[in-house]
> 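This structure is in structure tokens; I'll ask about it shortly.
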Amino acid sequence: QEKITVGALRFTSHAPTFIAYERGYFKQEGLDVELKFFQAAQPVAVAIASGDIDFGITALTGGYFNLADKGALKIVGGLFAEKKGYKGMAIMASNKAYAAGMTSPAKIKGHSVAITQVGSSFHFMTGMIAAKYGFAMSDVSLKPLQKVGSMIGAVKSGQVDAMMMVPHVAIPLDKAKAAKIIGWMSDLGPYQVTTIFTSTRNTAERQVQVKRFMRAYKKGIADYRAVMLNQKKDPAATEAMVKLIHKYVYADRPYEKAAPGIKAGAVYINEGAALDVGNVKKQLDWFKAQGLVKTKMTYKDLIATGYADMFDVPK
Amino acid sequence: MDLHLSHVSHRYGGVEVLDDVDFTVAQGHIVCIIGPSGCGKSTLLRLIGGLEKPSAGAVLQLGEPPADSRNPLTYIFQDFALLPWRTVRGNVSLVLEDHVLDQGARAAIIDDVLRRTKLSEFGDAFPRQLSGGMKQRVAIARALSVNPACLLMDEPLSALDSQTRELLMDDLIELWSREPFTACYVTHNLGEAVRLGHKVIVLSRRPGRIREVVDIDLPLAGRSAERASLEALQERLWRLMREEALAADQELADA
Amino acid sequence: MDLHLSHVSHRYGGVEVLDDVDFTVAQGHIVCIIGPSGCGKSTLLRLIGGLEKPSAGAVLQLGEPPADSRNPLTYIFQDFALLPWRTVRGNVSLVLEDHVLDQGARAAIIDDVLRRTKLSEFGDAFPRQLSGGMKQRVAIARALSVNPACLLMDEPLSALDSQTRELLMDDLIELWSREPFTACYVTHNLGEAVRLGHKVIVLSRRPGRIREVVDIDLPLAGRSAERASLEALQERLWRLMREEALAADQELADA
Amino acid sequence: MPEGPVPQARSVAFRGGGFAPRPVGIVGPIVFVTLLLLWELGSRTGWISALILPAPSAALGALEDLYRSGLLFKHLGASLERLVLGWCLGTLAGIGVGISAGLFSLARAGVVPLVSAIFPIPKIALLPLFIIWFGIGEASKVATIFFGVFFPTVIAVTGGIDNVDRGLVRMGQSFGLRWSSVVRKIILPGALPAILSGFRITASIAIILLVAAEMIGAEFGVGAYILMAGNLMATDQLIAGVAILSALGLGVGWLIGRAERFLLRWRG
Amino acid sequence: MPEGPVPQARSVAFRGGGFAPRPVGIVGPIVFVTLLLLWELGSRTGWISALILPAPSAALGALEDLYRSGLLFKHLGASLERLVLGWCLGTLAGIGVGISAGLFSLARAGVVPLVSAIFPIPKIALLPLFIIWFGIGEASKVATIFFGVFFPTVIAVTGGIDNVDRGLVRMGQSFGLRWSSVVRKIILPGALPAILSGFRITASIAIILLVAAEMIGAEFGVGAYILMAGNLMATDQLIAGVAILSALGLGVGWLIGRAERFLLRWRG
Ligand SMILES: Nc1ncnc2c1ncn2[C@@H]1O[C@H](COP(=O)(O)OP(=O)(O)OP(=O)(O)O)[C@@H](O)[C@H]1O
Ligand SMILES: Nc1ncnc2c1ncn2[C@@H]1O[C@H](COP(=O)(O)OP(=O)(O)OP(=O)(O)O)[C@@H](O)[C@H]1O
Ligand SMILES: [Mg+2]
Ligand SMILES: [Mg+2]
């Protein structure tokens, strides 16, 4: 048994990690996994660069690309992706802005948008909206608020006009009329939100271990897709899987209260951890164009192939 | 204006400091108060100047102070009490600023007192630039500027070295000879008491009671010639005080 | 052991402080050094004790110090220089701890010096609990504990009030009479100089030069009886110093 | 004594006193309790909305929940471990460096400008570097506190040694004391009051930095609890967490006060 | 004088000196430059990886980029505005409250315990509340700095007034000075040195809090720049930002030094 450490966040979108762990898929591959939990996505990448953990799952951010530029990180597969027909990130308006006419993503131009941090995935998503509806980044005013909680607070109180939000938070907010969903990121085209990644050293020196990790992980993904992407098909199986996930997500709430959130948070996850290479390139190019990432690196330097399917690979 | 202390007693919390002190300071006379450490001399002076209220008895002004006196009871402190952020002139000016006086009159008063205390050249110096003797001269100038009816001096020379002390004592005698002032002069130093006092009041150890009142009838100006008889007087005072001083010295501050 | 100052001069940076000072301190004699403020008296004493090196000339020990002397040249400072965090015994003990002595011997020495300075009851008091006179007694006890060949005293009484000063002067004379010690005694106070000195060295204003050396042949113990002749001597010293003292007093610290 | 009938005997007017405000022992607690009551009342009547400020009772409730769940001591334990470790290491290193800077010209010349350049840098700004240097484990949290404590300790110790009365040092030398005796028996005890009052400051800094330190992937710890509460906008838990920090600060202050009273009892 | 041949004339041994380390003017800069050179060399040779610490030249480059892009002054301007506003308001309020606490027993009894309870609360912990209270605009940023400055100012002013020599106050009273004269001419000038050295501390605190203040939705500002650099793991920009803060701190320190030299010139 090889000891490895995997970084995780307590989100439903990380469920395949918990499934593979709980159902012993890692053990079957001879991996003795220790889960290390983080409060935010950013430190996961830093922790891999500093050698604290072996594998991580996180969104692609400016910080991620800059770390990768120092040669420390490689993407080995894709996970959460926006796909038409599945509920992913919601685009929300504050009640005030909605009343003032900001009723669709196209009308965000000239408004303020709450993000956690400059260079975060929220920042990129704003960029996607701007590109789609043909306005410049300078047409919106970005409000970096450091924390998701602060974003929600700022939009609820009408201090900021718009934000992007995970579905299990966005839907209840909309229902409670605290804010308004005005669109979905999945309508804007493909978007590889999170990826599986490891250290460059692992891809160079421990290829077998990476392969075994990915094999186990893909089993977790398969279980997740079979149940969570179509929750009505087999309620008993869904119940069992939600119970499993509840050990890690919303563990401090009773099951009855936690279950709806877990279910609503079941976002689309690529089959077999396939990676949308074209979209990764697009993200890298966007961050470079914004001047947030200064690198001569291309998307090819980011990715270690041979561990998962690659699709939409640029010619 | 005379001053009369009528059966004055004072206590701090449970500590009795002064007990039934009763004497008079006659106009134009210098009364020296001596006594061992901690016997309440400074307290007595604070009571006389109205900086503290006696627990019993009263301090009485007999007769009106002169009309031109801006501060009838005026202190000269052991530690000079000069404002370090004001020049010599500024320090004198401080005590005139609350009186209605035009600029010119104020400047004239300051010039006059600085001249009398031989400080004319040092008007723009800050206290830190002055020697101890000079600082005390500034304090004397400041006191003179308000035309006091009675000077209250709390060991004015004891922070100075003995040579400077000699010089200042001569100055004080000269000032008094030119224009006699009334004064209560608290001191440790028997030599000062016999040189400057028309009357010496000897206090006992705490609680301070009057042990003896010694009158000295020699004129102030001639006293340096009469060293021998003063020496005898000083010896007598020292005998009165020796035991008390020894006891006061051997007390632990808080055992 | 005699001490000889051979043409000692000293300067701090550009300031000349002492100029060609040359005298001898004979064993068993007390040499008093007087002079106006800032004339270099303290500097001179620091040079004698080896705390500073003279710019020119040399301080020489003539003959060997007694074998049992643990610190031949020992200071008594104006500000007592007691460690506030040590008791009276601890303060004396401090200067013995670097010498090889067993516990019992050290305790015996401490007991002895405390007894000689009338401090036996106060061994466990902290300095803050003591009056100024008591503190200086502790400093004297500490100095005695190392069996000095020569005491270097820098205005040891000038921080005390005049009554305590009298008491301590008597104590010093008593100590000397029982067992004569050698001493350099720096003071401002002419009275102290004529009471304690076998020889009085008068320094000029800065740069300090020897203006006069006055020998006093009266025995120390009898001097209180001879007040009249001492008074004359004191007058003479005062005439020597008056001008210098006045000038020193009127100097601005930094104009 | 002349006590005949004199004209116009007037008492001397009192003109002293004042300018000596004393803490009126009882007023402090009264002000505290009154404020808390007003706050509670305001919250109960809805005059202060729960969004703006939770009622003190709500914060107390959150504290109780925390205690019931058993997490209180887990959080406290984790934080205390970091505090104690970071503070002790920072203090030890600071005292060592401070003593050399206090005694040796060359050490001073090297250390003092560095310290004054690095000390004012906000530690949160350096967190990303700390993660890279010390990882995301305990080391980076302890290091944050270490650096917060180290620099002011150096300053306090150096300053304390500078302020030791040179007269006492000369006295020691004049009695022929060894260099080591002068340092051990005169310099260090003399610098102790300044060093101890430095401890007061560094202890506060350490507690203040707890929140920053626990920004780096801490699951448990009072700082992490406060951060989580802030994230969830759970203001009652936030206030409860802040109250824990305050209590911690008071407790440490009290401990240092005891230490001062014991070590500096010679000051009376 | 006896200068005949005496036996064993020995010079008195020197045993003073030492224990007076002075800043050796030139060593400080040398240490600095040497460290920077070593650091640069380490980075160039790859001994210090760019991941761990960027080369000083890289940080300088980032600074240059910032200057070229014209954003340097935008960031600095935004931060300075917040600093000046927050510091001035906090200082004014602090001086006002401090003076009343310094002069009146009742004010002291009410203020002092409150200040000592609230002062040690880490400001980052309260940021979520500040957002609710003051919004995400300038107000919350200024408020963060205000609170950071207010409490230590109160402490410094109260302490300064306490330390004014009561002998001088009694002197003023003994000359029959009016209450207002005593306060204006004796108490306040006497407290000025303590107040000014309080300014040094509050200025540092204000600069340190800049990063925390600009966590809340700031687009521009040195703190926001540092936070962004940290998020992007752009360590060269991070170091550049920290250097700007250091320079700001040095500049403010210098200004206060000038003010002290002018206002306290009587100390010589
Ligand atoms: N404000 C005060 N509160 C309480 N006790 C005081 C106060 N002022 C003085 N005392 C005490 O009253 C006694 C007399 O003090 P005071 O200063 O009047 O003595 P003194 O004769 O001037 O002594 P010294 O010769 O040392 O100047 C002392 O025991 C002192 O401790
Ligand atoms: N370490 C020093 N560096 C520079 N100048 C000094 C130093 N020590 C003393 N001086 C100067 O040397 C002169 C003589 O000083 P010293 O203390 O020896 O005088 P003193 O006769 O003892 O004076 P006092 O009677 O005031 O004690 C003074 O002008 C003083 O300013
Ligand atoms: Mg007194
Ligand atoms: Mg001297």
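Atoms considered below: every heavy atom in the structure, side chains included; atoms not considered: hydrogens, waters and symmetry mates. In the text below, chain A, chain B and the rest are named by the order of the sequence lines, each starting its count at 1.
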> Just how far is it from atom CD of A:Gln209 to atom OG1 of A:Thr198, taken to the nearest 0.5 Å?
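Reported to 0.5 Å precision, the distance equals 7.5 Å.
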
> Between E:Glu214 and E:Ser79, do the side chains contain a donor N or O and an acceptor N or O under 3.5 Å apart?
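Yes, a side-chain donor-acceptor pair sits under 3.5 Å.
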
> Name the region of E:Leu227, side chain, backbone, both or neither, that has any atom closer than 4.5 Å to a heavy atom of chain A.
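Side chain of E:Leu227 only, per the 4.5 Å heavy-atom cut-off to chain A.
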
> Mind checking whether A:Gln192 and A:Leu275 have side chains closer than 4.5 Å, heavy atoms only?
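They are in contact (side-chain heavy atoms under 4.5 Å apart), so the answer is yes.
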
> Examine whether an atom of A:Lys143 lies under 4.5 Å from a heavy atom of chain E, and if so say whether it belongs to the side chain, the backbone or both; otherwise answer neither.
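Both backbone and side chain.
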
> Can you tell me which of E:Ser49, E:Ala234, E:Ala218 forms the most heavy-atom pairs within a distance under 4.5 Å of chain A?
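Top option by heavy-atom pairs under 4.5 Å: E:Ala218.
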
> Is A:Val46 close to chain E through its backbone or its side chain, or both, or neither, when contacts mean heavy atoms under 4.5 Å?
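For A:Val46, the contact with chain E is made by the side chain alone.
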
> Between E:Arg82 and E:Glu138, is there a salt bridge with N-O shorter than 4.0 Å?
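Here E:Glu138 pairs with E:Arg82 in a salt bridge, since their nearest N and O are under 4.0 Å apart.
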
